Amino acid sequence: GVTMKQKWEAGARTKLGIAVDGFPNLFILCGPQSPFANVPPIHDAAVSWFGKAIQLARDKGCRSIEPTPESVEAWTQHIQDLIGMTLLGRGLEQGSWFLGANIPGKTPSVLFYFGGADNYFKELDKSVDSDFEGFVFS
């Protein structure tokens, strides 16, 4: 009963830039909080992650995959920490589109993962290797 617009009223929040708590079985390709990098390799890695998550759900006899609110909060904090190590962390003052601060009335939030594509791939691998820790399969 909640729209994505309502969910993200205080700013976009995801797990790995590909899933949102409260929206089971919704996978986002190149969504907010995914890397600002070469798109085809990011798509390839994300789609591979989707396939592995869906396969695990099938193997477990589950019909639903959803990140926990805690894992979304942890990812959001992680990307905030990363942007804080760059000059882009000052983007609010400059009205940066990297934060959505260029849109009047929009609550700014970090819209990209600034840890680099290689580190993002490692985050996806870590998720798979941990049997998708931070996700609920039901």
Side-chain angles (χ1 to χ4, degrees):
V2 175
T3 67
M4 192 65 71
K5 181 179 180 179
Q6 292 166 325
K7 179 76 172 179
W8 286 349
E9 193 169 46
R13 302 166 73 77
T14 70
K15 171 66 172 169
L16 298 169
I18 57 179
V20 180
D21 59 312
F23 292 82
N25 296 336
L26 173 69
F27 297 125
I28 306 169
L29 195 54
C30 278
Q33 301 182 332
S34 63
F36 187 73
N38 190 351
V39 173
I42 300 304
H43 279 185
D44 184 58
V47 169
S48 176
W49 185 97
F50 297 164
K52 291 172 185 173
I54 291 167
Q55 187 60 56
L56 182 61
R58 285 182 175 171
D59 292 348
K60 290 181 162 192
C62 297
R63 299 181 135 233
S64 176
I65 306 166
E66 179 182 356
T68 65
E70 296 80 14
S71 70
V72 169
E73 179 59 35
W75 181 255
T76 300
Q77 186 59 55
H78 177 59
I79 65 166
Q80 288 174 341
D81 292 345
L82 288 173
I83 199 170
M85 293 186 264
T86 73
L87 289 175
L88 290 170
R90 297 183 182 167
L92 285 176
E93 303 158 12
Q94 306 304 318
S96 172
W97 68 271
F98 279 107
L99 302 173
N102 62 324
I103 300 171
K106 181 176 180 177
T107 302
S109 61
V110 182
L111 299 177
F112 297 98
Y113 173 83
F114 287 104
D118 189 52
N119 285 327
Y120 182 71
F121 299 148
K122 289 176 185 173
E123 292 285 351
L124 292 176
D125 289 343
K126 185 169 66 173
S127 174
V128 171
D129 293 344
S130 71
D131 287 330
F132 302 90
E133 182 179 354
F135 286 84
V136 175
F137 289 73
S138 55

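All residue numbers refer to positions in the sequence shown, counting from 1. What you see is a predicted model; the values in this text were computed from it and never measured.
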*Asks:* How close do Ala37 and Ala117 get, counting heavy atoms only, and between which atoms?
*Replies:*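 Ala37 and Ala117 have their closest heavy atoms at CB-CB, 4.0 Å.
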
*Asks:* Counting only heavy atoms from other residues, nucleotides and ligands, does the tally under 6.0 Å from CD of Glu9 exceed 12?
*Replies:*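 Open.
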
*Asks:* Given 3.5 Å as the limit, does a donor-acceptor pair link the side chain of Gln33 with the main chain of Ala12, or not?
*Replies:*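 Here the side-chain-to-backbone pair exists.
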
*Asks:* State, to 0.1 Å, how close Cys30 and Val39 come at their nearest heavy-atom pair, and which atoms those are.
*Replies:*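 Residues Cys30 and Val39, closest heavy atoms: SG-CG1, 4.0 Å.
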
*Asks:* Would you check if Thr68 and Val136 make a side-chain contact, meaning some heavy-atom pair closer than 4.5 Å?
*Replies:*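 Yes; the side chains approach each other to less than 4.5 Å.
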
*Asks:* Considering all heavy atoms of both residues, which atom of Leu124 and which atom of Ala45 are nearest to each other, and what is their separation?
*Replies:*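 For Leu124 versus Ala45, the nearest heavy atoms are CD1-CB, 3.7 Å.
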
*Asks:* With a 4.5 Å cut-off on side-chain heavy atoms, are Val72 and Thr14 touching?
*Replies:*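 No, too far: nothing below the 4.5 Å cut-off.
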
*Asks:* Measuring from Asp81:CG to Phe114:CZ, what's the distance to the nearest 0.5 Å?
*Replies:*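 Separation between the atoms: 14.0 Å.
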
*Asks:* With a 4.5 Å limit on heavy-atom distance, are the side chains of Asn119 and Leu82 in contact?
*Replies:*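 No - every pair of side-chain heavy atoms lies 4.5 Å or more apart.
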
*Asks:* Any idea how Phe36 and Phe112 line up, ring-wise: parallel (<30°), tilted (30 to 60°), or perpendicular (>60°)?
*Replies:*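 Aromatic pair Phe36/Phe112 classed perpendicular.
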
*Asks:* So which pairs with a foot in residues 43-55 pass side-chain hydrogen bond (donor to acceptor under 3.5 Å, both in side chains), sequence neighbours left out?
*Replies:*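 Non-adjacent pairs meeting side-chain hydrogen bond (donor to acceptor under 3.5 Å, both in side chains): Trp49-Ser127, Gln55-Asp59.
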
*Asks:* If you round to the nearest 0.5 Å, how far is CG of Leu26 from OG of Ser64?
*Replies:*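 Nearest 0.5 Å value for the OG-CG distance: 11.0 Å.
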
*Asks:* I need the Ile79 CD1 to Ser109 OG distance, nearest 0.5 Å.
*Replies:*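 Between Ile79 CD1 and Ser109 OG, I get 7.5 Å after rounding to 0.5 Å.
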
*Asks:* What I'd like to find out is whether the side chain of Arg63 reaches to under 4.5 Å of the side chain of Asn25, using heavy atoms alone.
*Replies:*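 No; the side chains remain at least 4.5 Å from each other.
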
*Asks:* Which atom pair, heavy atoms only, marks the closest approach of Pro41 to Phe121?
*Replies:*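 Smallest heavy-atom distance, with atoms named: O-CE2, 3.7 Å.
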
*Asks:* Once you round to the nearest 0.5 Å, how far does CG of Leu16 lie from OH of Tyr120?
*Replies:*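 If we round to the nearest 0.5 Å, Leu16:CG and Tyr120:OH are 5.5 Å apart.
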
*Asks:* Might you confirm whether atom CD of Glu133 has over 12 heavy atoms from other residues, nucleotides or ligands at distances under 6.0 Å?
*Replies:*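 Result for CD/Glu133: open.
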
*Asks:* Do Ile18 and Ile54 share a hydrophobic cluster (ILVMFWY, side-chain heavy atoms under 4.5 Å, transitive)?
*Replies:*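 The answer is yes; both residues are in one hydrophobic cluster.
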
*Asks:* First locate atom CD1 of Ile65, then atom CZ of Phe50, and finally report the distance between them rounded to the nearest 0.5 Å.
*Replies:*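 Interatomic distance, Ile65 CD1 to Phe50 CZ, rounded to 0.5 Å: 10.5 Å.
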
*Asks:* Is there a path from Val128 to Leu29 through hydrophobic residues (I, L, V, M, F, W, Y) whose side chains come within less than 4.5 Å of each other?
*Replies:*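 Yes.
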
*Asks:* Can you tell if the side chain of Pro67 reaches within under 4.5 Å of the side chain of Phe135, non-hydrogen atoms only?
*Replies:*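 Result yes, sub-4.5 Å side-chain heavy-atom pair found.
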
*Asks:* As a test of understanding, state which of Glu70, Lys15, Gln80 forms a side chain to side chain contact (heavy atoms under 4.5 Å, CB included) with Trp75.
*Replies:*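 So the option named by the test is Lys15.
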
*Asks:* Just verifying a value: how many Å separate Asp131 CG and Lys60 NZ, rounded to the nearest 0.5 Å?
*Replies:*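 One finds 6.5 Å between CG of Asp131 and NZ of Lys60.
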
*Asks:* If you compare all heavy atoms of Pro32 against all heavy atoms of Trp8, which two are closest, and at what distance to 0.1 Å?
*Replies:*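 Taking Pro32 first and Trp8 second, the nearest heavy atoms are CG-CH2, 3.4 Å.
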
*Asks:* I'd like to check Val110 versus Thr76 (side-chain heavy atoms, cut-off strictly below 4.5 Å). Are they in contact?
*Replies:*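 Of all side-chain heavy-atom pairs linking Thr76 with Val110, none is under 4.5 Å.
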
*Asks:* What about Trp97 and Ile103, same hydrophobic cluster or not, with Ile/Leu/Val/Met/Phe/Trp/Tyr joined at side-chain heavy-atom distances under 4.5 Å?
*Replies:*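 No, separate clusters.
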
*Asks:* Grab the two heavy atoms, one from Gly100 and one from Lys106, that are nearest each other, plus how far apart they are.
*Replies:*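 Scanning both residues completely, I find the closest heavy atoms to be O-CD, 3.7 Å.
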
